[in-house]
Amino acid sequence: MRKALRLRRLSRPRDDRYLFVPLDHSVSDGPVVPRDRWHELIDSVVVGGADAIIVHKGRVRTIDPAVLAGCALVVHLSAGTAHAADTNAKVLVGEVDEALRLGADAVSVHVNIGSDTEERQLVDLGVVAKACDEWNVPLIAMAYPRGPRIADPHDAALLAHVVNIAVDLGADIVKTNLALPAERMAEVIASCPIPVLVAGGPATGVSVVDHARTAMAVGCAGLAVGRRVFTSDAPMSLVAELASIVHDDTRSDLVRAMTGVVAQS
């Protein structure tokens with residue numbers, strides 16, 4: 001029951017659709033924004049209508065708890081950097097009980113299927129899933145086909161395998177790539193008994209807003225968009241636009257009216 005309550009908190013309108021904003025990139029790639037813009041970014045994401053933010057455990061301590069009154073907190077337990085010999089390797093750097101002490105509503109774990117360290121990452125996912133069951137905490141698996149054995153990370157059959165690995169090892173929600181062509185994502189979703197979210201996609205040609213519309217049209221349960229939010233000139237308006245697409249409402253119009261900001265794709 002307690003896990004069900006926490007899962008409901010991950011969807012602000014309680015419609016079982018999700019817009020997550022990962023801000024864990026500071027470990028893998030470096031600071032997402034300068035220090036003096038961090039609180040403004042968090043405010044923008046929350047006011048814009050994100051259902052949850054995703055950060056590492058230490059970064060939680062830099063966020064005013066009052067800001068998260070209407071937005072869920074996900075603590076990311078995996079890490080790896082762009083400077084590693086194997087950039088697809090991920091290791092556990094936190095535990096479920098730590099996340100709970102910090103006020104987390106859920107935790108997330110990253111797994112790269114097809115990487116040289118796939119075995120270790122699968123073990124870590126299983127370990128965290130066991131702890132999540134013990135503590136009644138939702139688990140989000142960020143599961144991707146990524147590594148030297150992967151020819152096409154957008155192949156629908158491969159993505160169906162990846163999301164079902166997440167299911168079988170105990171995840172409650174899974175985030176992965178959007179299939180290409182996008183209509184084949186429906187096959188991935190039909191194969192999976194838990195909500196499937198897609199990443200924000202590369203900033204190459206297609207706007208993140210159009211990407212979001214496509215993802216929801218083919219049946220995804222939501223999106224997890226980080227980089228394309230925190231690099232936007234108007235993150236609040238962009239998050240509002242994405243939230244309106246995910247939750248099928250007029251949140252973006254309301255926020256633009258409040259802020260006078262034009263959405264940036």
Side-chain angles (χ1 to χ4, degrees), residues 18 20-30 32 54-57 74-96 99 106-132 138-180 184-185 187-189 191-192 194-204 211 215 220-228:
Y18 311 89
F20 298 160
V21 178
L23 299 171
D24 57 294
H25 304 68
S26 45
V27 168
S28 56
D29 301 318
V32 299
I54 303 175
V55 294
H56 283 284
K57 59 184 180 182
V74 179
V75 173
H76 194 45
L77 303 183
S78 301
T81 80
H83 311 291
D86 180 1
T87 57
N88 293 316
K90 300 293 178 181
V91 296
L92 287 183
V93 292
E95 298 182 3
V96 175
V107 298
S108 58
V109 173
H110 188 136
V111 178
N112 288 324
I113 301 299
S115 67
D116 288 337
T117 58
E118 175 192 294
E119 179 180 2
R120 178 70 256 171
Q121 293 176 51
L122 290 175
V123 170
D124 288 344
L125 179 60
V127 168
V128 173
K130 180 176 183 293
C132 283
L139 171 59
I140 301 160
M142 299 183 180
Y144 301 98
R146 186 177 293 173
R149 295 159 191 80
I150 302 301
D152 180 3
H154 300 280
D155 177 74
L158 178 56
L159 289 169
H161 186 189
V162 167
V163 298
N164 277 279
I165 290 171
V167 174
D168 290 335
L169 294 187
D172 299 289
I173 296 173
V174 58
K175 169 195 172 189
T176 194
N177 297 331
L178 182 68
L180 294 177
R184 293 204 61 193
M185 193 68 189
E187 301 169 28
V188 180
I189 294 161
S191 78
C192 186
I194 64 174
V196 177
L197 279 59
V198 294
T204 53
H211 175 75
C220 294
L223 298 98
V225 184
R227 191 181 310 277
R228 298 181 78 175

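For the single chain, residues carry numbers from 1 onward in sequence order. Note that the structure is predicted; figures quoted are calculated from it, not measured.
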K.L.:
In Å, rounded to the nearest 0.5 Å, how long is the span from CD1 of I165 to SG of C192?
P.N.:
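Spacing of CD1 (I165) from SG (C192) equals 11.5 Å.
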K.L.:
Just how far is it from atom CG of L77 to atom NE2 of H56, taken to the nearest 0.5 Å?
P.N.:
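If I round to the nearest 0.5 Å, the distance is 9.0 Å.
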K.L.:
Which of these passes side chain to side chain contact (heavy atoms under 4.5 Å, CB included) with V111: R146, K90, Q121?
P.N.:
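The passing option is Q121.
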K.L.:
Less than 4.5 Å apart, side chain to side chain, heavy atoms only: is that true for M142 and H76?
P.N.:
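Yes. Closest side-chain heavy atoms under 4.5 Å.
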K.L.:
Indicate whether the side chain of S191 and that of N164 have a donor and an acceptor atom separated by less than 3.5 Å.
P.N.:
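There is such a pair between these side chains.
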K.L.:
Could you give the distance from CG (L92) to CZ (R120), rounded to the nearest 0.5 Å?
P.N.:
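Answer rounded to 0.5 Å: 7.5 Å.
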K.L.:
Which pair of non-hydrogen atoms, one from A166 and one from A141, has the smallest distance, and what is that distance?
P.N.:
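Looking at all heavy atoms of both residues, the closest pair is CB-CB, 3.8 Å.
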K.L.:
Taking atom NZ of K130 and atom CG of L139, what is their separation to the nearest 0.5 Å?
P.N.:
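Rounded to the nearest 0.5 Å, the NZ-CG separation comes out at 14.0 Å.
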K.L.:
Taking atom CG of D168 and atom NE2 of H161, what is their separation to the nearest 0.5 Å?
P.N.:
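With rounding to 0.5 Å, CG (D168) is 8.5 Å from NE2 (H161).
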K.L.:
Identify the two heavy atoms, one from G114 and one from P148, that lie closest to each other, and give their separation to 0.1 Å.
P.N.:
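Residues G114 and P148, closest heavy atoms: O-CD, 3.5 Å.
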K.L.:
Which one of I140, V225, L223 satisfies the side chain to side chain contact (heavy atoms under 4.5 Å, CB included) criterion with F20?
P.N.:
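With F20 as partner, side chain to side chain contact (heavy atoms under 4.5 Å, CB included) holds for just one option, I140.
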K.L.:
Is any NZ, NE, NH1 or NH2 atom of the basic residue among R227 and D29 found under 4.0 Å from an Asp or Glu carboxylate oxygen of the other?
P.N.:
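A salt bridge is present here (some side-chain N lies under 4.0 Å from a carboxylate O).
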K.L.:
Ignoring hydrogens, what is the shortest heavy-atom contact between K57 and G94? Give both atom names and the distance.
P.N.:
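Taking every non-hydrogen atom into account, NZ-CA, 4.0 Å.
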K.L.:
Could you tell me whether the side chain of T117 reaches within less than 4.5 Å of the side chain of N88, counting heavy atoms only?
P.N.:
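With C-beta onward as the side chain, the pair stays apart.
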K.L.:
With heavy-atom distances below 4.5 Å as the criterion, would you say the side chains of V198 and H211 are in contact?
P.N.:
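They are in contact (side-chain heavy atoms under 4.5 Å apart), so the answer is yes.
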K.L.:
With a 6.0 Å cut-off (strictly less than), is the heavy-atom count around NE2 of H25, excluding the residue itself, greater than 12?
P.N.:
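Yes - once you tally the heavy atoms of other residues, nucleotides and ligands closer than 6.0 Å, there are more than 12.
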K.L.:
Set out, in order, the CA-CA distance, both residues' side-chain angles and the distance that settles side-chain contact (heavy atoms from CB on, under 4.5 Å) for L122 and L169, then state yes or no.
P.N.:
CA-CA 8 Å; L122 290 175; L169 294 187; 3.7 Å; yes
K.L.:
Do you know the tightest heavy-atom contact between A171 and I194?
P.N.:
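So the minimum-distance heavy-atom pair works out to O-CD1, 3.6 Å.
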K.L.:
Nearest 0.5 Å please: distance from the CG atom of L159 over to the CG atom of D152.
P.N.:
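CG of D152 is found 8.0 Å from CG of L159.
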K.L.:
Would you indicate whether the side-chain heavy atoms of V188 and C220 approach each other to under 4.5 Å?
P.N.:
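No, side chains not in contact.
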K.L.:
Mind listing the closest non-hydrogen atom pair of R228 and G200 along with its distance?
P.N.:
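That would be NH1-O, 3.2 Å.
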